[in-house]
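All remarks here apply to the structure that follows.
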Amino acid sequence: METDDLKTQRYEKIERLKELGAQPYARIYDRTHECSDIVENWEKLAKNEESVSAAGRLITIRNMGKASFADMVDGSGRVQVYFKKNKLPEGKYDIFKLLDIGDIIGVKGQVFKTRTGEITIFVEDFSLLTKSLRELPEKFHGLRDVEIRYRQRYVDLIANREVKKLFETRMKIIRHIRNFLADRDFLEVETPMMQSKPGGAAARPFTTHHNALDMDLYMRVAPELYLKRLAVGGFERIFEINRNFRNEGVSTKHNPEFTMLELYQAYADYNDMMDITEALVADTVQAVHGTLKITYQDQELDFTPPWTRIKWFDAFREIGGVDISVSVTKDELLGICEEKNISMDTSLNMGQIIDKLFGLTVEEKLVQPTFVYDYPTEISPLARQHDDAPELTERFELFVSAFEVANAFTELTDPTEQMRRFEHQQELRDAGDEEAHEIDHDFIRALQYGLPPTGGLGIGIDRLVMLLTDSPTIRDVIFFPLLRPEK
RNA sequence: GAGCCGUUAGCUCAGUUGGCAGAGCACCGGACUUUUAAUCCGGGUGUCCCGGGUUCGAACCCCGGACGGCUCACCA
């Protein structure tokens with residue numbers, strides 16, 4: 001046999017099937033049960049001698065001459081099917097013999113239990129519904145090659161059932177979060193993904209172009225500034241779960257497009273945001289695992305509230321071993337880096353250095369859920385400063401297993417102060433910090449109409465899903481992670 | 001963007017000192033009417049990622065490239 005030709009073989013089989021009266025690509029099939037229903041309710045079904053119909057993909061075939069067993073899976077699970085030549089309509093067994101692993105079929109028959117105890121459909125009649133032209137990966141080892149798994153996720157989902165389960169968990173987590181927020185009277189809204197001015201986070205955007213209007217547009221790096229505009233408009237409890245796009249590195253924790261929850265609550269502050277974060281995450285962990293203690297990459301994580309809350313400068317000193325105050329100078333910081341053998345790009349600005357140093361000395365040690373709060377104003381351009389300490393903001397981040405999961409603050413509502421912050425950002429930008437904010441005059445205008453005191457929260461959904469599914473890389477929780485094109 | 005590692009049959013993987021390209025599953029042919037990674041007999045289906053080089057001879061050694069993974073950098 002020539003090589004090319006599994007597909008050739010299968011095209012030939014299609015012709016033979018057609019000659020035998022089978023349609024290789026059927027329109028529809030009426031099912032009475034899903035596979036798992038049949039397995040769960042088999043006693044009743046067998047006793048009543050009910051004829052059931054089910055459909056699914058053949059994943060194994062054990063041929064024994066004039067009879068054969070096969071396993072069939074549908075969206076619910078797996079069931080065994082039994083084809084016996086003299087129980088099928090005349091000539092139908094010849095059609096069965098032309099079926100391959102990977103084909104999708106519909107079967108009709110009675111349920112019974114084999115002498116080895118396997119619940120099985122005794123097929124009285126069946127139809128080919130969709131012929132498969134490609135071989136599925138080997139049944140025993142499954143599909144391991146991560147490149148094929150990510151590029152051809154459809155094969156991964158067929159070959160590795162636990163991958164399908166993982167994504168089902170992802171969807172359940174998101175649904176759970178939506179329900180949690182709906183129960184608390186939050187409305188889900190949608191704001192622009194394409195923005196003429198990207199804002200709301202310190203990140204480099206993707207650029208695109210609108211032809212008819214001949215204008216450059218940016219894929220959003222965050223919905224924040226639009227959501228706050230809606231808060232100005234009178235929406236007191238809103239959230240958005242949607243994609244953000246950042247034109248930055250790809251890693252086990254970063255994909256260029258990722259899913260973010262942002263929520264805003266009027267007449268609330270960052271303490272309320274800590275409470276809602278704790279409740280939302282703990283509730284979701286409980287819903288997925290039935291417990292608040294889970295394992296992530298061999299680490300025990302305990303989500304039982306209350307979680308540790310530590311001030312940013314206290315964390316820096318107690319956990320990072322960096323004893324500084326908010327009046328620290330750039331030279332002092334660089335001295336500390338040298339002392340600690342941390343290589344630091346000296347051209348970075350003050351905020352970038354202090355943020356990076358915090359990341360390197362503190363974050364990696366925050367394994368159990370920990371709120372770090374009261375961030376420097378320098379690195380928090382959209383957060384409200386403390387009344388009695390304007391160099392600090394009412395902002396926190398949540399860390400779990402050494403990575404950031406949430407970021408929240410009491411929103412800055414004073415348009416004059418916001419303008420000052422934007423102007424400072426613009427200076428940083430002019431000095432070479434490409435991630436610093438541009439001035440958004442319309443956002444200032446919105447604040448001038450009056451944003452009520454508001455608390456805001458962002459949670460990285462992909463990272464939360466990683467934690468709850470014990471996934472070592474973000475690519476495992478995104479159906480189609482970004483890869484370079486093939487060939 | 002940098003360093004390290006990987007790429008061999010549809011899939012999972014071996015491949016000796018540089019000397020005819022291998023196994024299991026899948027697939028094809030045959031046997032088998034309750035199997036469970038069914039079993040038994042027969043069959044190897046290949047651009048060894050790509051392009052150069054060294055050599056009598058390269059999957060193997062050297063150079064360049066592609067894609068992927070990990071670590072770092074950047075970030076969430």
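Labels below follow one simple rule: chain letters A, B, ... track the order of the sequence lines, proteins then strands, and each chain is numbered from 1.
For A:E248 and B:C72, the CD to P distance is 17 Å, given to the nearest whole Å. The interatomic distance linking A:R115 (CZ) with B:U34 (P) rounds to 6 Å, in whole Å. Atom P of nucleotide B:A26 and atom CG of A:D103 are separated by 15 Å, given to the nearest angstrom. Distance, A:K253 NZ to B:C70 P: 10 Å, rounded to whole Å.
If you check every strand for non-hydrogen atoms under 4.0 Å, A:A202 touches sugar and phosphate atoms only. Within the 4.0 angstrom heavy-atom criterion, only backbone atoms of the sugar-phosphate kind lie near A:T252; the bases stay farther away. The residue A:K356 sits close only to the backbone: its heavy atoms come under 4.0 Å of sugar-phosphate atoms, none of a base. Base engagement by A:N255 is indicated by at least one non-hydrogen atom pair under 4.0 Å involving a base atom. Heavy atoms of A:G249 sit under 4.0 angstrom from at least one base atom. Across all strands shown, A:R149 has no heavy atoms under 4.0 Å from either base or sugar-phosphate atoms. A:F403 comes within 4.0 angstrom of nothing in the nucleic acid, heavy atoms only. Nucleic acid contact class of A:G142 (heavy atoms, under 4.0 Å, all strands): sugar-phosphate only. At the heavy-atom level, A:R246 lies under 4.0 Å from base atoms of the strands shown. At the heavy-atom level, A:R62 lies under 4.0 Å from base atoms of the strands shown. Residue contacts shown for A:L136 are absent, as no nucleic acid heavy atom lies under 4.0 Å away. Using a 4.0 Å heavy-atom distance criterion, A:L360 is classed as a sugar-phosphate-only contact. Heavy atoms of A:K85 sit nowhere under 4.0 angstrom from any nucleic acid atom. Among the heavy atoms of the strands lying under 4.0 Å from A:E118 is at least one base atom, whether or not backbone atoms are also near.
A donor and an acceptor atom never sit less than 3.5 Å apart when one is taken from the side chain of A:E138 and the other from the base of B:G10. On a pure distance criterion of 3.5 Å, a polar donor-acceptor pair joins the side chain of A:N86 and the base of B:U33.
Results of the ring-ring contact (aromatic ring centres under 6.0 Å, His included) test with A:F396 over A:F371, A:W307, A:W312 single out A:F371 as the only residue that passes.
A gap of 23 Å separates the C1' atoms of B:U45 and B:C50, to the nearest Å. Rounded to whole Å, the separation between the P atoms of B:A21 and B:A59 comes to 8 Å.
Nearest nucleotide to the A:Q9 side chain, out of B:A76, B:C28, B:U33: B:C28. For A:M64, the side-chain atoms get nearest to B:U34 when compared with the rest of B:U34, B:C67, B:C70. Nearest nucleotide to the side chain of A:R151, out of B:U71, B:C67, B:C27: B:C67. Comparing B:A37, B:U12, B:U34 by their closest approach to the side chain of A:K139 singles out B:A37. For A:H141, the side-chain atoms get nearest to B:U12 when compared with the rest of B:C27, B:U12, B:U33. Of the candidate nucleotides B:C32, B:U33, B:A38, B:C32 has the atom lying nearest to any side-chain atom of A:N63. The side chain of A:F69 lies closest to B:U35, out of B:A37, B:U35, B:A73. Among the nucleotides B:C27, B:A37, B:C74, the one closest to the side chain of A:F140 is B:A37.
Checked against the 6.0 Å centroid criterion, the rings of A:Y82 and A:F122 qualify as a close aromatic pair. Two rings, from A:F245 and A:F206, have their centers 6.0 Å or more apart.
Across all strands shown, B:C60 has no partner, as no Watson-Crick or G-U wobble contact with both distances under 3.5 Å is found. With a cut-off of 3.5 Å on both Watson-Crick or G-U wobble distances, the partner of B:U71 is given as B:A2. B:U7 and B:A66 make up a base pair, with Watson-Crick or G-U wobble contacts both under 3.5 Å. Here B:A23 sits opposite B:U12 as a Watson-Crick or G-U wobble pair (both hydrogen-bonding atom distances under 3.5 Å). Under the Watson-Crick or G-U wobble criterion, with both distances below 3.5 Å, B:U54 is left unpaired in every strand shown. Nucleotide B:A38 has no partner under the Watson-Crick or G-U criteria, as no pair reaches both atom distances under 3.5 Å.
Seen from the ring of A:F480, A:R153 does not count as a face-on cation partner, given the 6.0 Å and 45° thresholds. Cation-pi check for A:K92 over A:F126 is met; the charged atom lies under 6.0 angstrom from the ring centroid and within 45 degrees of its normal.
A salt bridge does not link A:K197 to A:D440: none of the charged side-chain nitrogens sits closer than 4.0 Å to a carboxylate oxygen. A salt bridge does not link A:E12 with A:R16: every distance from a Lys NZ or Arg NE/NH1/NH2 to an Asp or Glu carboxylate oxygen is 4.0 Å or more. A salt bridge between A:E118 and A:R78 is present, with a side-chain N of the basic residue lying under 4.0 Å from a carboxylate O of the acidic one.
Taking for each of A:V405 and A:V146 the nucleotide of RNA chain B with the nearest heavy atom, the 5'-most of the two is the partner of A:V146.
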